[in-house]
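Note: hydrogens, waters and symmetry copies are ignored here, and every other heavy atom, side chains too, is used.
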Amino acid sequence: MERYSGAVVVIGAGYVGLTSAVCLAELGHRVACVDIDEGRIARLRENRVDLLEPRLAELLHRNRRRGRLSFHTEPTFVVPAADDVFVCVPTPGRPDGSTDLSAVDAVTRRVSGLLRPGARLVVKSTVPPGTHRRVAALLGRADVAVVSNPEFLREGTAVADFLEPDRIVVGADDPTAAAMVARLYDGIDAEVLRTDATSAETVKFAANGFLAVKLAYVNSIAELCEHVGADVADVLGAVGRDPRIGAAHLRPGPGWGGPCLPKDARALAALGAGTGCDLSLVDAAVAVNAHHQRRVAGLLDDVLAAGEPRVAVLGLTFKAGTNDLRDSPALPITTLLARHAKVSAYDPAITAAVPGVTDHLKLASDAESAVAGSDAVLLLTDWPEFARLPWRRLARSMRGDLVVDTRNHLAADRLADAGLRLRRLGRAPLFPEPLAASATC
Ligand SMILES: NC(=O)c1ccc[n+]([C@@H]2O[C@H](COP(=O)([O-])OP(=O)(O)OC[C@H]3O[C@@H](n4cnc5c(N)ncnc54)[C@H](O)[C@@H]3O)[C@@H](O)[C@H]2O)c1
Ligand SMILES: O=c1ccn([C@@H]2O[C@H](COP(=O)(O)OP(=O)(O)O[C@H]3O[C@H](CO)[C@@H](O)[C@H](O)[C@H]3O)[C@@H](O)[C@H]2O)c(=O)[nH]1
């Protein structure tokens, strides 16, 4: 049993929970972090972090040494001493898109009898608008306030996003409770936006839905650029200079993915269906995203038509800088390819096969062995090391000469020097013959 004498408990030690626990400790609070995953807690007690997040391990060690951070498998002894208990457990999507709140419910029931009078239960998990009322009802404690404090961190930059956020949103129907939670962030230089609880819950869905729609639109404009002969980098570079639009999240790719955008967009669309509000724009973004994933696989159609084709895939994670494979666009794309081709893949953050996830492909231990003998290379994640690959040597080891770069990540002149044909999203292909696949949108 680890000793705890502090004021904050964080339940859930995943991307959001562990980052929150470590950063709140860095801000000077005494934090106890609880998770039902005994293996994860055992590793954290040995200062071992499974998540690929810059500075997370360093800040964890430092705050463990300072005695500000402890890890537990049970809330029994730590929750009664806490002023604020953060809920950072998963809220996955159900098959119909709606949000599965069973982990939030389980935590609420578990802590109900443990919270001291006057404490606050702070929901950081992404939950549909109105969930605070469900939590309050399950809690059955008029002397405990329920506060919504959605989290906006991105994977790969979780610590920086937590400590230097664009905004902090604290929503509660009890202004004193909101003020108490807001004060936990006193060491951070960002505006705290105080709202009612339903509005705070809605902010998170509205933000992720907006990003999903924006990225679906970006990929559609990339497709249009190919059709009309425009260059997407020039087009969106100029479009993004308008401050009403903004330059961020404007890069085309193989479809957006990850543990949040897909499930939150589907949940928002399901909310539209459930409330009768017209959120068909979000439904369309989800459908368009699936189209772009199929379109990327379709760019290899010519190669797949040949006998016993072999495709090398560079990058499996949903973006660079994370080892998270949840809802990565690489999974549906490589599944489509694997119906017709042998797929060998390399990702610097995925060092071992993941049963049930990577079964359809052969995991290579480095880029060169993935590429050797392939008819085509498909780059799906923009890991920096892929831009530095020795393309001349790789070209000699390949059977074919096609490279499809879905992130506009590779230097065209280096691939041309290597005698490779380069196909990029939203840009003219760097080889002479017209592409049948891009003839129509
Ligand atoms: N991952 C992100 O980038 C991100 C960013 C913002 C918000 N969110 C939201 O935050 C929530 C958590 O996401 P995550 O990515 O951190 O999840 P995660 O899967 O990385 O971690 C969740 C942790 O909660 C633990 N857990 C599950 N049930 C529990 C219980 N009853 N008691 C104690 N621990 C329990 C799990 O063992 C796991 O370690 C979700 O609602 C998600 O939508 C995620
Ligand atoms: O210009 C861009 C930016 C992103 N993506 C893709 O979009 C997806 C999501 O990327 P990103 O938003 O960086 O990743 P997440 O870590 O999933 O973060 C999102 O989801 C989190 C969980 O809700 C939120 O907290 C964040 O604010 C929100 O950005 C990934 O597949 C990216 O490859 C692009 O294709 N082009």
Side-chain angles (χ1 to χ4, degrees), residues 1-92 103-104 106-116 119-125 149 151 153 155-163 184-185 187 259 321-326 349-352 354-355:
M1 181 64 52
E2 295 219 352
R3 197 173 62 82
Y4 171 65
S5 56
V8 177
V9 164
V10 175
I11 302 192
Y15 284 90
V16 168
L18 185 60
T19 305
S20 302
V22 164
C23 291
L24 286 167
E26 180 68 13
L27 290 173
H29 306 295
R30 278 196 304 274
V31 182
C33 185
V34 181
D35 201 293
I36 47 173
D37 183 336
E38 293 183 2
R40 176 166 277 185
I41 291 296
R43 289 189 294 280
L44 288 167
R45 283 179 174 168
E46 291 166 8
N47 290 338
R48 281 159 55 204
V49 177
D50 315 330
L51 312 177
L52 189 63
E53 288 296 342
R55 295 190 65 209
L56 192 59
E58 170 206 332
L59 296 194
L60 181 132
H61 295 174
R62 181 151 85 207
N63 287 291
R64 297 269 294 156
R65 275 200 306 274
R66 286 167 169 164
R68 285 190 199 152
L69 182 59
S70 58
F71 292 101
H72 311 262
T73 52
E74 277 294 326
T76 322
F77 299 106
V78 293
V79 168
D83 302 311
D84 296 282
V85 175
F86 283 78
V87 181
C88 304
V89 294
T91 49
V104 173
V107 170
T108 305
R109 286 199 191 91
R110 185 73 183 85
V111 300
S112 165
L114 298 174
L115 286 157
R116 67 162 187 74
R120 293 159 291 274
L121 187 62
V122 188
V123 180
K124 216 176 221 322
S125 294
N149 174 216
E151 180 51 57
L153 64 79
E155 291 189 12
T157 50
V159 169
D161 287 347
F162 192 98
L163 293 173
L184 291 172
Y185 295 100
T322 179
N323 55 2
D324 198 339
L325 284 174
R326 289 179 287 179
I350 307 298
T351 47
V354 185

> What is the distance from atom CG of L56 to atom SG of C23, rounded to the nearest 0.5 Å?
Replying inline: 7.0 Å
> Could you walk me through whether V87 and T108 pass the side chain to side chain contact (heavy atoms under 4.5 Å, CB included) check?
Replying inline: CA-CA 8 Å; V87 181; T108 305; 5.6 Å; no
> P92: what forms a side chain to side chain contact (heavy atoms under 4.5 Å, CB included) with it, not counting sequence neighbours?
Replying inline: P90, D100
> Residues two or more places apart in sequence or in another chain: which of them pass side chain to side chain donor-acceptor pair (under 3.5 Å) with R109?
Replying inline: none
>> Once salt bridge (charged side-chain N to carboxylate O under 4.0 Å, His left out) is applied, do any residues pair with D35, and if so which ones, sequence neighbours excluded?
In response: none
>> Can you give me the closest heavy-atom contact between R64 and L44, atom names plus distance?
In response: NE-O, 4.1 Å
> Mind checking whether F162 and Y185 have parallel, tilted or perpendicular rings, split at 30° and 60°?
Replying inline: tilted
> Counting distance only, does the side-chain N/O of R68 pair as donor-acceptor with the main-chain N or O of H29 below 3.5 Å?
Replying inline: no
>> Strictly by side-chain hydrogen bond (donor to acceptor under 3.5 Å, both in side chains), give each pair with a member in residues 12-23 just once, sequence neighbours left out.
In response: Y15-N323
>> How long is the straight-line distance from CD of E53 back to CG of D161, given to the nearest 0.5 Å?
In response: 8.5 Å
>> My understanding is that only residues two or more places apart in sequence, or in another chain, count here; which of them pass salt bridge (charged side-chain N to carboxylate O under 4.0 Å, His left out) with E26?
In response: R62, R66
> If we only count heavy atoms from C-beta on, is the V31 to V10 side-chain gap below 4.5 Å?
Replying inline: yes
>> Looking at V16, is its backbone amide N or carbonyl O close enough to the side chain of E151 to form a donor-acceptor pair, meaning the two atoms are under 3.5 Å apart?
In response: no
>> Check this for me, if you would: do D83 and R120 make a salt bridge, where the nitrogen-to-carboxylate-oxygen distance has to be below 4.0 angstrom?
In response: no
> Are L114 and P75 side-chain neighbours, meaning at least one heavy-atom pair lies under 4.5 Å?
Replying inline: yes
> Less than 4.5 Å apart, any side-chain heavy atom of P259 and any of D324?
Replying inline: yes
>> Do V8 and F86 make a side-chain contact, defined as non-hydrogen atoms from C-beta onward lying under 4.5 Å apart?
In response: yes
>> Would you say that V9 contacts I11 through its side chain, given a criterion of any heavy-atom pair below 4.5 Å between the two side chains?
In response: yes
>> Taking side chain to side chain donor-acceptor pair (under 3.5 Å) as the definition, give me every residue that meets it alongside E155, ordered by chain and number, with sequence neighbours left out.
In response: T322
> Sub-3.5 Å donor-acceptor pair from the side chain of S125 to the main-chain atoms of V89, do we have one?
Replying inline: yes
> What residues form a side chain to side chain donor-acceptor pair (under 3.5 Å) with E46, not counting sequence neighbours?
Replying inline: R48
>> How close do C33 and G12 get, counting heavy atoms only, and between which atoms?
In response: SG-O, 3.9 Å
> salt bridge (charged side-chain N to carboxylate O under 4.0 Å, His left out) with D37: which residues, sequence neighbours excluded?
Replying inline: none
> Which atoms form the tightest heavy-atom contact between A119 and A82, and what is the distance?
Replying inline: CB-O, 3.8 Å
> Less than 4.5 Å apart, any side-chain heavy atom of L59 and any of L163?
Replying inline: yes
>> Holding to side chain to side chain donor-acceptor pair (under 3.5 Å), I want the full list of residues that pass it with R55, two or more places apart in sequence or in another chain.
In response: none
>> Could you report the tightest heavy-atom contact between N63 and A25, atom names first, then the distance?
In response: OD1-O, 3.3 Å
> If we only count heavy atoms from C-beta on, is the R40 to F71 side-chain gap below 4.5 Å?
Replying inline: no
> So, does H61 use its side chain to make a donor-acceptor pair with the main chain of N47 at under 3.5 Å?
Replying inline: yes
> Taking atom NZ of K124 and atom OG1 of T91, what is their separation to the nearest 0.5 Å?
Replying inline: 13.0 Å
> With T73, which residues qualify under side chain to side chain contact (heavy atoms under 4.5 Å, CB included), at least two apart?
Replying inline: E38, I41
> Is there side-chain contact between L60 and L18, with heavy atoms separated by less than 4.5 Å?
Replying inline: yes
